[in-house]
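Worth saying up front: this structure is predicted, and the values here are computed from it rather than measured. Letters A, B, ... mirror the listed sequences (proteins, then strands); counts begin at 1.
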There are 2 protein chains.
Amino acid sequence: MLGTMAAERLPMPAPTPDAAPSTVGAAPAGKTRRRAGRPVARVLDQNGITTAALELISAKGYDGLTMAALAKSLGVAPSALYNHVSSKDDVLLLLEDHLAAMVDVSAFGTEPWDVAVRKWAWSYRDVFSKHTPLIPVIAVLPVANAPKTLAMYEAVTAGFRDAGFPEERIISAIVALEAFVFGAAYDVNAPEDIFDAGSLADQVPNFTAAVDRLAAEGHAMPTNVAFSLGLEALIAGLGALRQ
Amino acid sequence: MLGTMAAERLPMPAPTPDAAPSTVGAAPAGKTRRRAGRPVARVLDQNGITTAALELISAKGYDGLTMAALAKSLGVAPSALYNHVSSKDDVLLLLEDHLAAMVDVSAFGTEPWDVAVRKWAWSYRDVFSKHTPLIPVIAVLPVANAPKTLAMYEAVTAGFRDAGFPEERIISAIVALEAFVFGAAYDVNAPEDIFDAGSLADQVPNFTAAVDRLAAEGHAMPTNVAFSLGLEALIAGLGALRQ
DNA sequence: ACCTGAACACCGTTCAAGT
DNA sequence: ACCTGAACACCGTTCAAGT
């Protein structure tokens with residue numbers, strides 16, 4: 001649908017040995033002026049676009065990820081991007097799939113089910129907590145457009161099956177865990193004073209007392225306490241479905 | 001910080017009896033032309049803006065919620081909105097707080113803890129599944145700016161305390177449940193074929209088999225199966241913390 | 001096929017001017 | 001205090017022209 005599936009692995013025309021793997025025809029941004037017309041060597045590809053987008057995000061955040069800024073960092077005109085992606089959403093999809101490959105599924109098949117789920121969920125949350133603007137895209141994304149995401153699901157599904165999960169419950173269990181992971185990824189970015197009721201504190205005494213009691217425990221990352229609490233409940237509850 | 005707290009309940013100057021409650025000075029959009037300068041009766045307030053935004057969203061979706069469209073539906077110039085809200089994000093905050101008041105917390109204090117949590121969580125998910133663009137805002141929103149949201153938390157916290165929850169775990173448990181609810185709200189909007197691997201199906205046999213087995217059960221809303229599975233696990237696991 | 005450059009139809013937001 | 005109207009600095013995207 002979005003036309004982003006083809007991996008575009010085509011032979012590079014005499015690749016310069018010192019070039020970064022994702023840099024194709026190259027020309028460092030804004031060095032020499034390219035004249036109009038098709039260039040002799042292709043300048044862009046989806047890999048390079050993805051890498052440049054990640055660099056831009058890590059430097060300027062998602063607010064800095066505009067098609068214009070992305071094009072500039074690649075040394076092309078904004079319109080050139082549309083030869084390789086169909087829209088900005090398509091760029092987000094490329095990012096999502098790249099990140100999915102960084103989620104740790106290695107423990108499925110080598111470690112007990114609960115250990116593997118725990119590793120996977122923490123890793124999944126950590127990766128996407130730095131990329132929450134992708135969550136609305138992922139949560140609704142047909143997997144057919146994201147091969148690495150699909151590979152992640154395959155590893156997790158196999159782990160669940162081998163652990164004795166009834167096959168007709170596996171997808172639902174994964175969806176439930178993912179929902180928790182995505183919500184928790186937002187929570188990581190919440191400001192410290194998110195639960196400070198301010199001047200309304202005396203109108204919500206139970207809430208304020210509970211917030212204070214948690215604060216008194218002095219956890220470095222209270223978001224991790226909540227994540228652990230919920231994840232362990234899910235692991236215990238879902239694990240009981242195994243037979 | 002955003003200055004949206006004051007409820008602005010000021011006496012209406014001779015309210016027309018047939019006017020909608022949130023309509024203030026009124027003039028149905030685009031009827032008579034208002035000349036520049038301060039109008040005799042105020043035209044806007046935060047309540048009216050919230051109501052108009054909700055109508056706009058239900059008619060055109062969140063893509064249709066622009067400051068220009070919102071202003072037009074209220075019969076004012078876009079810049080007039082900025083006398084009542086500090087930004088578009090501020091409008092989203094008003095919406096969020098309005099919706100928080102629609103979440104059902106009535107069972108806390110009248111029904112057993114697990115029943116109350118179940119009702120709350122389903123209701124919370126249902127309300128926000130139609131408003132997922134608010135989730136990134138909520139998840140990171142200081143509660144001091146959202147009095148109705150705060151009231152919801154107070155009711156839930158009291159319910160947890162009365163059910164014997166250790167006070168220092170209540171907030172973490174609520175945060176965990178909320179993370180799940182927010183993630184699940186996205187899932188409600190996922191397309192039916194989200195898990196269709198398409199041409200890659202034979203590369204992910206375990207996944208495809210699991211997807212097919214779930215589909216074979218023919219649930220009207222598979223998202224509800226996942227939500228129920230996860231929620232019951234959370235209720236059981238978190239409920240075990242009571243003493 | 002794959003670039004450039006110009007253009008389009010929006011966005012959210014600011015601010016002087018008016019009453 | 002609270003409107004209008006004009007303006008600003010962006011956005012993502014399209015498309016003809018060039019090689």
Classify the side chain of B:Ser79 versus the base of D:dG5 as yes if they form a donor-acceptor pair under 3.5 Å and no if they do not. yes
Give B:Val40 one of three labels, base, sugar-phosphate or nothing, depending on what nucleic acid heavy atoms sit under 4.0 Å from its own. nothing
Atom-pair distance (CG on B:Leu81; C1' on D:dT4), nearest Å: 13 Å
Between B:Thr51 (side chain) and B:Gly48 (backbone), is there a donor-acceptor pair under 3.5 Å? no
When you match B:Pro78 and A:Pro78 each to their closest nucleotide on DNA chain C, which lands nearer the 5' end? A:Pro78
Looking only at D:dG5, C:dC2, D:dT13, the nucleotide nearest the B:Ala77 side chain is D:dG5
For A:Leu65 and for A:Ala80, find the nucleotide of DNA chain D with the closest heavy atom, then tell me which residue's nucleotide is more 5'. A:Leu65
For DNA chain D, the dot-bracket notation using Watson-Crick and G-U wobble pairs below 3.5 Å, [ ] for pseudoknot-type crossings and | for other-strand pairs, is ||.|||||...|||||.||
Between atom CG in A:Asp63 and atom P in D:dA9, what is the gap in whole Å? 19 Å
Just by modelled atom types, is the A:Val85 backbone N or O under 3.5 Å from a matching donor or acceptor in the A:Gln46 side chain? no
Protein-nucleotide distance (B:Met67, atom CE; D:dG5, atom P), rounded to Å: 18 Å
Separation of D:dC15 atom P from A:Asn83 atom CG, nearest Å, is 13 Å
Starting the side chain at C-beta, find the nucleotide from D:dT13, C:dT4, C:dT14 nearest to A:Ala36. C:dT4
Is the ring centre of B:Phe128 less than 6.0 Å from the ring centre of B:Tyr124? yes
Would you indicate, yes or no, if C:dC2 has its OP1 or OP2 atom less than 4.0 angstrom from a side-chain nitrogen or oxygen of A:Arg42? yes
Between B:Tyr186 and A:Glu178, do the side chains contain a donor N or O and an acceptor N or O under 3.5 Å apart? no
Would you please classify the geometry between the B:Phe195 ring and the A:Tyr153 ring as parallel, tilted or perpendicular, with 30° and 60° separating the classes? perpendicular
Whole-Å gap separating P (C:dG5) and NZ (A:Lys72): 14 Å
State whether the side chain of B:Ser129 and the backbone N or O of B:Asp126 hold a donor-acceptor pair below 3.5 Å, judged by distance alone. yes
Distance in angstrom units between B:Leu74 CG and D:dC3 P, rounded: 10 Å
Quick one: A:Leu44 CG to C:dT4 P, roughly how many Å, whole number? 8 Å
Would you say D:dA1 has OP1 or OP2 under 4.0 Å from some side-chain N or O of B:Arg38? no
For the pair B:Asn145 and B:Glu96, evaluate side chain to side chain contact (heavy atoms under 4.5 Å, CB included) and give the outcome as yes or no after the intermediate values. CA-CA 11 Å; B:Asn145 297 322; B:Glu96 188 281 324; over 6 Å; no
Of the listed nucleotides (C:dT14, C:dT4, D:dC3), which one gets closest to any side-chain atom of B:Tyr82? C:dT14
Would one find a side-chain N or O of B:His84 under 4.0 angstrom from OP1 or OP2 of D:dC3? yes
Is a side-chain N or O of A:Thr208 found less than 3.5 angstrom from the main chain of A:Ala201, in a donor-acceptor match? yes
Nearest whole angstrom, please: distance from the C1' of D:dC10 to the NZ of A:Lys88. 12 Å
